[in-house]
Protein chains: 2
Amino acid sequence: MRPLFHPAIEDLKPEAILYALSDPERVAIFAQIAGVGSSGTCTALANLGGRVIPKSSLSQHMKVLREAGLIRGERHGVEMRNHSRCQEVDQRFPGLIAAILSAYGRRPEETNAG
Amino acid sequence: MRPLFHPAIEDLKPEAILYALSDPERVAIFAQIAGVGSSGTCTALANLGGRVIPKSSLSQHMKVLREAGLIRGERHGVEMRNHSRCQEVDQRFPGLIAAILSAYGRRPEETNAG
DNA sequence: TTCCGTAGTTCAGAAATTCGGAACTGTTGA
DNA sequence: TCAACAGTTCCGAATTTCTGAACTACGGAA
């Protein structure tokens with residue numbers, strides 16, 4: 001398993017962020033991670049929207065979010081804890097995440113994106 | 001040629017908008033249309049970013065933007081005039097387009113999206 | 001009318017991407 | 001050492017994207 005890649009703030013690309021958040025399933029995952037009280041492990045994220053996401057697909061989704069710079073993943077023992085990088089992204093692209101989550105009806109004020 | 005489809009405001013989907021604007025080439029096209037002084041015809045949009053976009057590809061890009069609800073196309077004789085639906089989209093998803101164009105460094109204040 | 005040029009769409013095959021089950025890696029605890 | 005667990009990687013199938021070629025539609029000239 002190769003180490004996780006996380007882009008630096010100055011390397012964030014709007015197209016990667018928009019692409020990552022153009023999939024409602026990934027938005028649900030991201031909103032859960034960005035919201036309060038999520039453990040952020042893959043297992044906890046596997047059935048958010050009524051269907052169980054296959055774990056290979058989930059792993060790909062996490063990779064897309066991670067490489068867009070939206071989340072940061074840290075291995076803790078056997079599991080991975082993910083947390084959002086909203087504040088960093090918001091510094092680079094002010095208002096972007098808040099506007100996107102709001103468009104999806106996701107109450108950005110409960111995250112740290114507003 | 002089948003008639004052009006334009007979604008009603010209430011049918012706009014954030015995922016379609018984000019997907020449409022997750023391609024820098026489409027963003028350039030959209031920014032040009034949303035900006036001042038563009039005729040908005042395909043011919044006028046074919047070489048914005050240093051390369052000439054093949055016209056079949058351009059036609060697909062226009063379709064993606066149109067069906068996301070970002071632009072409206074009207075046939076005028078032999079050509080098609082495209083103009084942005086920024087104001088409508090902004091009513092439905094306030095601040096979204098402005099934040100996206102700003103993230104791309106596209107000065108939304110010159111469009112009617114701010 | 002018929003023909004021609006222009007603007008853009010549709011078609012179709014190649015290339016690239018996405019999806020998801022199976023196999024795998026790495027960690028913890030018995 | 002072994003088993004269970006969390007997540008990743010592999011790989012084939014399905015879907016999507018790209019673009020040249022063919023096509024449609026309109027307007028103007030003869």
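Neither A:Y19 nor A:L96 shares a network with the other; the hydrophobic side chains, linked directly or stepwise wherever heavy atoms of I, L, V, M, F, W or Y lie under 4.5 Å apart, form separate groups for each. Under a hydrophobic-cluster definition in which Ile, Leu, Val, Met, Phe, Trp and Tyr are linked whenever side-chain heavy atoms come within less than 4.5 Å, directly or via other members, A:L48 and A:I53 are assigned to the same cluster.
Partner of A:F30 under the side chain to side chain contact (heavy atoms under 4.5 Å, CB included) criterion, out of A:L45, A:D23, A:L70, A:V64: A:L70 alone.
Residue A:S57 has a polar side-chain atom (N or O) positioned under 4.0 Å from OP1 or OP2 of C:dG20. Between B:R75 and D:dG27 there is no side-chain N or O to OP1 or OP2 distance below 4.0 Å.
Listed candidates were D:dT9, D:dC18, C:dT10. Nearest to the side chain of A:S59 is D:dT9. The side chain of A:R66 approaches D:dT8 more closely than any other nucleotide in the set D:dC26, D:dT8, D:dG7. Nearest to the side-chain atoms of B:M80 among the listed nucleotides D:dG7, C:dG20, C:dG8 stands C:dG8. Closest to the A:P54 side chain, of the nucleotides C:dG20, C:dG8, D:dT8, is C:dG20. Residue A:Q60 places its side chain closer to D:dT9 than to any other of D:dT9, D:dC18, D:dT17. Closest approach to the A:E79 side chain among D:dG7, D:dT19, C:dC19 is made by D:dG7 (side chain taken as heavy atoms from C-beta onward). Taking only side-chain atoms of A:V78, from C-beta outward, the nucleotide of C:dA23, C:dA7, D:dC5 with the closest atom is D:dC5.
Rounding to whole angstrom units, CD of residue A:E67 and P of C:dT18 are separated by 12 Å. Distance CG (A:L45) to P (D:dA6): 13 Å, rounded to an integer number of Å. With rounding to whole Å, B:D23 atom CG is found 14 Å from C:dA16 atom C1'. Protein atom CG of B:L4 is 13 Å distant from nucleotide atom C1' of C:dA7, rounded to whole Å. For the pair A:E74 CD and C:dT27 P, the computed distance is 15 Å after rounding to whole Å. At whole-Å resolution of the value, CE in B:M62 and C1' in D:dC18 are 17 Å apart. Spacing between atom NE2 of B:H61 and atom P of D:dT17 amounts to 11 Å, rounded to whole angstrom units. Atom NZ in B:K63 sits about 12 Å away from atom P in D:dT16, given to the nearest Å.
Here B:T43 lies in heavy-atom contact (under 4.0 Å) with sugar-phosphate atoms only. In this structure, A:R26 reaches neither bases nor backbone, as no heavy-atom distance under 4.0 Å exists between it and the strands shown.
Side chain A:S56 to base C:dG21: a donor-acceptor pair is found below 3.5 Å.
Position along DNA chain C of the nearest nucleotide to A:K55 versus A:H76 favours A:K55 as the more 5'-ward residue. Between B:L58 and A:G77, the residue whose closest nucleotide on DNA chain C is further toward the 5' end is B:L58.
At least one side-chain heavy atom of B:R85 sits less than 4.5 Å from a side-chain heavy atom of B:P7. Here the side chains of A:V27 and A:I100 are not in contact, with every heavy-atom distance at 4.5 Å or above. Taking 4.5 Å as the limit, every side-chain heavy atom of A:F5 sits out of range of all side-chain heavy atoms of A:R66.
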